[in-house]
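Contents: one structure, followed by commentary.
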Amino acid sequence: MKNILSCLRKLTLLTCLSSTLAGFSPDPELERFVMGLPKAELHLHMEGTMEPELFLKIAARNGMEVPYSEPDEVRERLRTAHDLPSFIEIYEELIGVVKYPEDIRDITLHYYRKAYSQGVRHVEMYFDPQLHLERGMGLDQVFEGLAMGKAAAESEMELTIGFIMAFLRDRPAETAMQVLEDAKPWHKQLMGVGLDNPEVVNFPEKFKEVYAKAKGYGLRLTSHCDVGQKNTIENHWGVIRTLGVERIDHGLNVLDDPELLAEVKARGIGLTGVPSLFYREIPGRLEYRAGAVKGLLDAGVEISIHSDDPGMKRGLYVGDLMLRAQSVTGMTRADLVALAKNSFRTAWISDTERAYYLAMIDDYVASFD
Ligand code: ADE
Ligand code: ZN
């Protein structure tokens with residue numbers, strides 16, 4: 001009886017999930033074009049790339065007890081996420097199984113393979129050291145795991161990889177400063193720093209000193225400004241004027257304010273847009289986000305599309321998201337190429353590398369048949 005009930009429960013869960021995932025079948029020709037189009041992934045979180053299957057595998061090998069035995073049960077938990085705070089609560093719960101450098105190696109290598117299969121040729125990966133330090137890992141272990149994943153990926157595929165060390169906006173700035181200082185031996189492994197987790201009171205001012213220090217260390221600067229948060233326009237101004245960022249992660253509300261839009265264009269600030277989907281169906285979310293990406297592209301902003309937390313948001317990677325965004329906006333192939341080019345234009349790479357990747361896109365488009 002217990003077994004039958006458990007089977008029924010799993011069946012309901014599966015039906016539920018597959019109806020969420022069903023219903024999207026892009027034009028095969030367009031799909032082939034988008035998946036092969038060279039692109040840079042500039043906005044994703046190492047922690048958020050962990051798929052439910054890998055989460056369970058890591059939990060089991062680390063002897064961690066978790067209240068899930070099947071990947072779909074983890075997905076069911078993820079279905080409760082409906083906004084930034086509710087998503088981050090689960091994100092922090094799930095990453096709790098990570099204990100060793102090998103875990104980070106496996107999570108990142110899985111991501112690199114998946115991204116590469118969707119045309120990604122350069123990755124700038126966010127990671128959240130505070131989340132791991134809080135659970136007792138050492139910074140050395142975190143950097144070791146990242147280095148192992150990178151070395152494995154770079155020997156296996158033609159992919160370049162850099163890292164963005166993030167500070168958590170809902171933790172004290174003093175802790176962020178401490179991490180910045182403690183990470184000095186590994187600064188050369190970093191491209192820059194960022195800010196993530198939920199936006200809180202006094203963001204972004206509270207990170208002014210941390211950012212000034214990071215800049216002094218030669219690190220590049222970006223920050224999240226999530227979509228539709230409280231005081232979002234002021235926060236965008238703050239990250240630009242107070243923190244001096246070169247890119248804004250998400251940043252879609254720039255479209256709502258003509259003055260801000262003009263400033264973003266004048267400064268050449270790149271926006272890393274994310275038309276991602278929670279497991280829970282949220283009517284209008286994709287249309288709104290994809291529409292804003294298209295609006296910003298048409299307005300001449302250097303915006304591109306990224307996957308943010310693909311392992312925890314329906315397993316959708318950057319190619320998948322470009323196709324979904326296209327399906328609700330009618331973006332042309334030229335638009336998709338412009339998005340891909342913007343990802344390299346705003347990447348933290350040398351001008352030689354930039355020219356190389358832009359030419360790669362031109363060659364791809366010219367020879368696609
Ligand atoms: N951490 C992981 N994904 C995030 C997002 N979209 N915004 C802020 N923090 C995050
Ligand atoms: Zn993000």
Side-chain angles (χ1 to χ4, degrees), residues 40-51 55 77-78 80-96 98 104 107-108 111 115 123-132 134 142 163-171 176 179 191-201 203-204 206-207 221-232 235-236 238-239 243 245 247-254 270-280 282 285-286 288-290 292-293 303-318 321 343 346:
E41 174 63 276
L42 307 179
H43 177 182
L44 88 155
H45 303 261
M46 179 272 280
E47 294 79 4
T49 67
M50 183 174 58
E51 301 246 5
F55 160 79
R77 169 79 175 114
L78 283 161
T80 63
H82 55 92
D83 59 11
L84 180 57
S86 57
F87 174 73
I88 293 297
E89 189 187 320
I90 306 171
Y91 172 97
E92 291 198 12
E93 175 201 324
L94 298 183
I95 207 63
V98 167
I104 295 178
I107 293 168
T108 53
Y111 166 76
V123 177
E124 298 181 6
M125 177 182 273
Y126 255 85
F127 67 104
D128 295 319
Q130 284 156 287
L131 285 186
H132 309 294
E134 284 172 1
V142 175
F163 298 110
I164 301 173
M165 185 167 78
F167 306 116
L168 304 175
R169 291 181 290 187
D170 52 354
R171 308 297 206 272
V179 172
M191 288 185 145
V193 296
L195 284 167
D196 61 6
N197 257 37
E199 296 186 17
V200 287
V201 182
F203 162 72
K206 90 180 200 192
F207 295 102
L221 310 177
T222 183
S223 172
H224 278 56
C225 278
D226 285 74
V227 182
Q229 304 299 300
K230 203 165 163 229
N231 303 326
T232 192
N235 290 350
H236 282 76
V239 299
L243 302 185
V245 298
R247 287 200 310 241
I248 298 177
D249 301 302
H250 295 289
L252 299 183
N253 290 109
V254 167
L271 303 184
T272 63
V274 181
S276 65
L277 299 169
F278 291 124
Y279 275 99
R280 179 185 295 202
I282 300 186
R285 179 181 161 104
L286 175 65
Y288 172 74
R289 289 183 170 227
V293 168
I303 184 158
S304 43
I305 283 185
H306 304 285
S307 65
D308 206 7
D309 301 289
M312 299 185 186
K313 290 184 185 155
R314 295 202 202 183
L316 296 175
Y317 291 78
V318 67
L321 291 172
S343 70
T346 57

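For this chain, numbers begin at 1 and follow the sequence in order. Ligands are counted one by one from 1 in listed order, and the atoms in each one are counted from 1 as well.
Atoms of ligand 1 found under 4.0 Å from any heavy atom of Tyr91, numbered from 1 in the order shown, are 1 (N), 2 (C). Atom numbering of ligand 1 starts at 1 in the shown order; those under 4.0 Å from a heavy atom of Ile88 are 1 (N), 2 (C), 9 (N), 10 (C). Which parts of ligand 1 touch Leu84 is read off a 4.0 Å heavy-atom cut-off, strictly below it: atoms 5 (C), 7 (N), 8 (C). Within ligand 1, counting atoms from 1 as listed, the ones closer than 4.0 Å to a heavy atom of Asp309 are 2 (C), 3 (N), 4 (C).
No other N/O/S atom of Asp308 lies as close to the Zn ion (ligand 2) as OD1 does. The N, O or S atom of His45 lying closest to the Zn ion (ligand 2) is NE2.
In this structure, atom 6 (N) of ligand 1 lies nearest to the protein heavy atom Asp308 OD2, 2.7 Å. Counting protein heavy atoms only, atom 7 (N) of ligand 1 is closest to Asp226 OD2, 2.7 Å. Nearest to atom 9 (N) of ligand 1 among the protein's heavy atoms is Asn197 N, 2.7 Å. The protein heavy-atom contact nearest to atom 4 (C) of ligand 1 is His45 NE2, 3.5 Å.
For residue His250, no N/O/S atom approaches the Zn ion (ligand 2) to within less than 2.8 Å.
Not less than 6.0 angstrom separates the ring centroid of His250 from the ring centroid of His236.
Exactly one residue among Asp128, Asn197, Asp309 makes a side-chain hydrogen bond (donor to acceptor under 3.5 Å, both in side chains) with Tyr91. That residue is Asp128. Of the candidates Arg314, Arg285, His306, Arg285 is the only one forming a side-chain contact (heavy atoms from CB on, under 4.5 Å) with Ser276.
Ion pairing between Lys313 and Asp308 holds under the 4.0 Å rule for side-chain N and carboxylate O.
Of the polar atoms of His250, at least one N or O is found under 3.5 Å from an N or O of ligand 1, judged by distance alone.
Contact record, Tyr126 with Leu195: OH-N, 3.5 Å, taken as the closest heavy-atom pair.
Ligand 1 is never approached by Glu47 to a heavy-atom distance shorter than 4.0 Å.
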